[in-house]
Amino acid sequence: MGSRITIIMHPRREPTRVDALREIVARLRAQGHRVAVRLTFEAGDAAHFAREAVRAGSDLVVAAGGDGTLNEVVNGVARMRRQPRIGIVPIGTANDFAAGLGLPTDMDEAFAVALRGRPIAVDVGCVNGRYFVNVSTGGFGAEATEATSPETKRFLGPFAYLVTGVREFVELHTVSARFVADGRVFYAGEFLLFAVGNGRRTGGGSVLTPRARLDDGRLDLLVIPAMPRLEFLALLPEVRAGTHIDHPGVLYTQTTSITVRAARPLSVNADGEPLHARRLRYSLLPRPITVMAPR
């Protein structure tokens, strides 16, 4: 018996993607699946379509896009009483969450995983009411992500974040904030970058929170306090590779709740989606979601 499937796709002005999707949908329907397709054009579309899919009884909701599309789908389904399986077809710019799962980039292969892969439980983080499954960053990393235009992403792909990051480094500045983890002060003072990870990698492949696990019921907190510019520059390759957490100038812990209070509004992102606030509250939802991963 076929499944009820909803595919939510961010087309990115690429007709070839839509043509490939049309062929896949025809094949799925020929196999007896009931398939609905929704194309996104504005922010919020994917979350809205995901909620509609759950209410319509979809067994599987497929996010075909990048980390932003997946983030909206998660925000659409995370609080719903009935939880569908979530499949991922990584056709976005960075696809950090999908890469962390080892998902194939070929559309046909990714759809095969979405239908016949291994269902895994994935914790859902929350920051100021916004849900995320991968990583939330503040400071240098978040500013670089927010400053990367859609045009730059389209032309440069994952390298867009690196190019923008170099430009942001020229104007590097610190911010004062207080980080409280599970009710205890973890750090208070000037910082350059922080990350709260449920997953491990973000920003086109930087492994900011290398000890994070998707199903351990904890959030990993990384803080890089203020340091000389050249020292930070020398640290960045280690941050990229995930070998930075033993550096004496890096702070790292695992926790279940985090509060950040800053001297001025922070530029923060959750799975690449931006928000701004002086006070940030991080926590985990009590119930995980189900994501399809390779067997």
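All heavy atoms count here, side chains included; hydrogens, waters and symmetry mates do not.
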Shared ILVMFWY cluster between Val127 and Val180, side chains joined below 4.5 angstrom?
no

Quick one, Val175 with Leu266, criterion side-chain contact (heavy atoms from CB on, under 4.5 Å). Give me CA distance, side-chain angles, the key distance, then yes/no.
CA-CA 8 Å; Val175 182; Leu266 293 175; 3.4 Å; yes

Sequence neighbours excluded, every pair satisfying ring pair (Phe, Tyr, Trp, His ring centres under 6.0 Å) that has a member inside residues 88-139:
none

Considering non-hydrogen atoms only, spot the tightest contact between Pro104 and Glu109 and give its length.
CB-OE1, 3.4 Å

For Leu60, does its backbone N or O pair with a side-chain atom of Arg85 as donor and acceptor, under 3.5 Å?
no

Flag side-chain contact, heavy atom, 4.5 Å: Asp220 against Val196
no

Rounded to the nearest 0.5 Å, what separates atom NE2 in His48 from atom CD in Glu52?
3.5 Å

So do the side chains of Arg211 and Gln254 get within less than 4.5 Å of each other, counting heavy atoms only?
yes

Check step by step if side-chain contact (heavy atoms from CB on, under 4.5 Å) holds for Asp216 and Asp123.
CA-CA 8 Å; Asp216 63 356; Asp123 294 330; 4.0 Å; yes

Quick one: do Leu70 and Leu115 end up in the same hydrophobic cluster if we chain Ile, Leu, Val, Met, Phe, Trp and Tyr together by side-chain heavy atoms under 4.5 Å apart?
no

Do Val185 and Arg178 make a side-chain contact, defined as non-hydrogen atoms from C-beta onward lying under 4.5 Å apart?
yes

Residue pair Tyr282 / Ser136, side-chain donor-acceptor N/O under 3.5 Å:
yes

Quick check: do Ile91 and His10 have side-chain heavy atoms less than 4.5 Å from each other?
no

Return the CZ to CG distance between Arg287 and Leu285, rounded to the nearest 0.5 Å.
9.0 Å

Please answer whether the main-chain N or O of Ala53 pairs with a side-chain N or O of Ser58 as donor and acceptor at a distance below 3.5 Å.
yes

Short side-chain to backbone donor-acceptor contact, Asp67 and Gly272, under 3.5 Å
no

Check Gly76 against Ala50 and note the closest heavy-atom contact, atom names and distance.
CA-CB, 4.2 Å

Val74 side chain reached by Val122 side chain, heavy atoms, under 4.5 Å:
no

Looking at Val73, is its backbone amide N or carbonyl O close enough to the side chain of Arg51 to form a donor-acceptor pair, meaning the two atoms are under 3.5 Å apart?
no

Going by ring pair (Phe, Tyr, Trp, His ring centres under 6.0 Å), name the pairs with one or both residues in residues 181-210, residues two or more places apart or in two chains.
Phe179-Phe191, Phe179-Phe194, Phe191-Phe194

Is there side-chain contact between Leu221 and Tyr252, with heavy atoms separated by less than 4.5 Å?
no

Measuring from atom CG of Leu230 to atom CG of Leu235, what distance do you get when rounded to the nearest 0.5 angstrom?
12.5 Å

Leu284/Val124 under side-chain contact (heavy atoms from CB on, under 4.5 Å): CA gap, chis, key distance, verdict
CA-CA 6 Å; Leu284 286 167; Val124 179; 6.0 Å; no

Minimal heavy-atom distance between Leu219 and Ser283, with the atoms involved, is CD1-O, 3.9 Å

Using 4.0 Å as the upper bound for N to carboxylate O, is an ion pair formed by Asp108 and Arg27?
yes

Give a yes or no on whether the backbone of Val35 and the side-chain of Arg4 come within a donor-acceptor separation of less than 3.5 Å.
no

Could you walk me through whether Glu273 and Arg130 pass the side-chain contact (heavy atoms from CB on, under 4.5 Å) check?
CA-CA 9 Å; Glu273 300 304 299; Arg130 180 82 190 185; 3.7 Å; yes

Using atom types as modelled and distance alone, determine if a side-chain donor or acceptor of Thr255 lies under 3.5 Å from a backbone N or O of Ser257.
yes

Looking at every heavy atom in both Ala270 and Asn71, which two are closest together, and how far apart are they?
O-ND2, 3.7 Å

Output for pair (Asn128 CG, Leu275 CG), nearest 0.5 Å, gives 6.0 Å

Approximate separation, where rounding is to 0.5 Å, of Asp271 CG and Thr137 OG1
10.0 Å

Ignoring hydrogens, what is the shortest heavy-atom contact between Arg200 and Ala212? Give both atom names and the distance.
CG-O, 3.4 Å

Salt bridge between Asp96 and Arg201, side-chain N to carboxylate O under 4.0 Å?
yes

Same cluster or not: are Val18 and Phe49 linked, directly or through other Ile, Leu, Val, Met, Phe, Trp or Tyr residues, by side-chain heavy atoms under 4.5 angstrom apart?
no

Shared hydrophobic cluster, Met107 / Leu39 (ILVMFWY, side-chain heavy atoms < 4.5 Å)
yes

Distance from Ile7 atom CD1 to Leu28 atom CG, nearest 0.5 Å?
6.0 Å

Can you find a pair of side-chain heavy atoms, one from Leu214 and one from Pro288, that are under 4.5 Å apart?
no

Quick check: is Leu222 connected to Phe140 through a chain of hydrophobic side chains (ILVMFWY, heavy atoms under 4.5 Å apart)?
yes

For the side chain of Arg29 and the backbone of Arg34, is there at least one donor-acceptor N/O pair under 3.5 Å apart?
no

Quick check: do Val61 and Ile8 have side-chain heavy atoms less than 4.5 Å from each other?
yes

Grab the two heavy atoms, one from Leu103 and one from Met292, that are nearest each other, plus how far apart they are.
CD2-O, 4.0 Å

Counting only heavy atoms not in Arg184, do more than 12 sit closer than 6.0 Å to its CZ atom?
no

